[in-house]
Amino acid sequence: MNPSLTSSSSSSSSSWFFGIVRPGRSSSLKMSTNSSAVAASTDTGGPVVRRNQFRGVLFKYGPKPIQVAFKTGDFKRQVIFIGGLTDGFLATSYLEPLAIALDRENWSLVQFLMSSSYSGYGTSSLQQDAKELDQLINFLINKEESEGVALLGHSTGCQDIVHYMRTNYACSRAVRAAIFQAPVSDREYNATLPHTASMIDLAAKMISEGRGLELMPMEADPSAPITAYRYHSLCSYNGDDDMFSSDLSEDQLRMRLGHMSNTHCQVIFSMSDEYVPDYVDKKALVQRLCGAMGGAEKVEIEYGNHSLSNRVEEAVDAIIDFLKREGPKGWDDPWS
């Protein structure tokens, strides 16, 4: 979710991933956000040096200049954080204590940049995000000997997870779990703003004229250039990004989310999310979303805001607890 858009102004033969790894390649904890937790991490050479300062490895995972990632810890399992609109590195307050907690459980945290990061979202798409996410996972498998990844989506990053898992890219089989933090409807929030309807009409007209990749007027999104296609995708009924709207029928939700039933999923929903309109029954919505995913685990964070900056400890506890537990299907080898 974008505030400005919503403003009126091992060896390959024994590898767990044998079959897609190139032959012959190189070889529930309560977390506090206070200084003592950071200091404890520092003393043991952990992933956080001090507040807002991470220790890890910066690397390129693809050919584009923007395709850079940062990994804390040196473990065979990785949690990949996928941010929302305007996000990049250090996108949410819970990432710092999460990195510390994951390190204690022998998981690495990976934050990455893609074409849609920061102000690039308006000229990108879910399809492009999926390709670049697949490149990242491929890198982790081939270069880091990954034994599996968990995807953690925040806001629009949740749409990226849903779309990626539908592509059936080879590396998507490496996804052992998916966590949806703040899966909300861009369309429903934007519908509460005065200029959205006219801009949707303009975007639809441009798309019908074959100008879907052309830029919308600046008033559509004052903070970043946005194409007619992406605006329509985010703001229109049944757009490519329209996955979590409360007015979608059960069948529509299952069509969009049903394939996630093959993945161990958790939905973390903020019960005071400022991007969910007041008329939406949040409890009913999160129940329907979990049902459409085939029975995803539901976590409701009372009074939590969109990024959970006011409920950091609860967010970290929920994520770590989920990763530590074996779900109904367990952590089965996807290649078997």
Side-chain angles (χ1 to χ4, degrees), residues 1-6 28-42 46-56 58 68-73 78-105 107-114 116-119 121 150-161 178-184 186 189 223 266-276 282 286 299-323:
M1 184 66 68
N2 172 22
S4 61
L5 177 63
T6 58
S28 160
L29 293 174
K30 281 218 167 191
M31 292 306 304
S32 170
T33 59
N34 61 26
S35 58
S36 62
V38 176
S41 175
T42 304
V48 177
V49 180
R50 57 180 63 88
R51 188 167 299 283
N52 296 323
Q53 190 173 114
F54 286 65
R55 176 189 286 112
L58 185 72
V68 176
F70 184 82
K71 178 172 72 77
T72 61
Q78 301 86 22
V79 171
I80 300 175
F81 176 81
I82 309 170
L85 305 184
T86 75
D87 286 340
F89 289 138
L90 310 180
T92 65
S93 300
Y94 61 74
L95 287 178
E96 183 177 301
L98 179 61
I100 298 171
L102 288 172
D103 194 76
R104 293 179 178 180
E105 300 300 329
W107 285 79
S108 290
L109 174 65
V110 178
Q111 303 175 58
F112 73 113
L113 301 182
M114 50 185 168
S116 63
S117 296
Y118 300 120
S119 61
Y121 62 87
L151 302 181
L152 168 56
H154 163 65
S155 193
T156 309
C158 295
Q159 282 116 270
D160 280 328
I161 294 177
I179 302 169
F180 299 83
Q181 189 267 305
V184 302
D186 293 271
Y189 182 80
S223 71
Q266 179 188 55
V267 176
I268 304 177
F269 207 89
S270 300
M271 303 311 286
S272 294
D273 195 314
E274 62 270 30
Y275 291 110
V276 179
K282 298 180 181 68
V286 66
V299 178
E300 298 176 355
I301 307 291
E302 293 296 333
Y303 308 110
N305 60 24
H306 186 63
S307 66
L308 291 176
S309 61
N310 64 337
R311 291 293 184 272
V312 168
E313 188 171 323
E314 291 179 54
V316 174
D317 285 348
I319 294 167
I320 294 299
D321 183 58
F322 174 72
L323 292 174

Can you tell me how far apart OH (Tyr121) and OG (Ser116) are? Round to the nearest 0.5 Å.
11.0 Å
Any side-chain heavy atom of Thr92 sitting closer than 4.5 Å to one from Leu308?
no
Does Phe322 reach the side chain of Leu152, with side-chain heavy atoms less than 4.5 Å apart?
no
Roughly how far, to the nearest 0.5 Å, is CG of Asp87 from CD of Gln111?
10.5 Å
Lys71 versus Ser108: any side-chain heavy-atom pair under 4.5 Å?
yes
Rounded at 0.5 Å granularity, tell me how far CH2 in Trp107 sits from CG in Leu323.
5.0 Å
So how far is it from Leu95 CG to Thr72 OG1, rounded to the nearest 0.5 Å?
9.5 Å
Val276 vs Phe269 side-chain heavy atoms within contact, under 4.5 Å:
yes
For Glu274, which residues count as a salt bridge (charged side-chain N to carboxylate O under 4.0 Å, His left out) partner, sequence neighbours excluded?
none
Work out which heavy atom in Phe54 is nearest to a heavy atom in Ala99; give both atom names and the distance.
CE2-CB, 3.8 Å
Looking just at side-chain N and O atoms, do His154 and Ser307 make a donor-acceptor pair shorter than 3.5 Å?
no
Can you see which heavy atom on Glu96 is nearest to which on Arg50, and at what distance?
OE1-O, 4.3 Å
Which heavy atom in Ile320 sits nearest to a heavy atom in Leu102, and how many Å separate them?
CD1-CD2, 3.6 Å
Flag the pair Val299 / Glu314 as yes when at least one side-chain heavy-atom distance between them is below 4.5 Å, and no otherwise.
no
Looking only at side-chain N and O atoms, does Asn305 offer a donor or acceptor that is under 3.5 Å from a partner on Ser309?
yes
Quick check: closest heavy atoms across Pro97 and Ser93, and the distance to 0.1 Å?
CD-O, 3.5 Å
Leu85 CG to Tyr118 OH distance, which is reported to the nearest 0.5 Å
14.0 Å
Can you give me the closest heavy-atom contact between Pro183 and Phe180, atom names plus distance?
CD-O, 3.9 Å
Indicate yes or no: at least one non-hydrogen side-chain atom of Tyr303 is less than 4.5 angstrom from one of Arg311.
yes
Are the side chains of Ile80 and Phe112 in touch, meaning some heavy atoms are under 4.5 Å apart?
yes
To the nearest 0.5 angstrom, please state how far the CD1 atom of Ile82 sits from the SG atom of Cys158.
8.5 Å
The side chain to side chain donor-acceptor pair (under 3.5 Å) partner of His306 among Ser270, Ser272, Ser155 is Ser155
Pair Gln181, Tyr94: side-chain N/O donor-acceptor within cut-off below 3.5 Å
yes
Here the pair of heavy atoms bringing Ile319 nearest to Gln266 is CA-OE1, 4.1 Å
Please test Val267 against Val286 for side-chain contact (heavy atoms from CB on, under 4.5 Å), starting from the C-alpha separation and ending with a verdict.
CA-CA 8 Å; Val267 176; Val286 66; 3.8 Å; yes
Output all residues satisfying side-chain contact (heavy atoms from CB on, under 4.5 Å) with Ser119, sequence neighbours left out; order by chain, then residue number.
Ala224
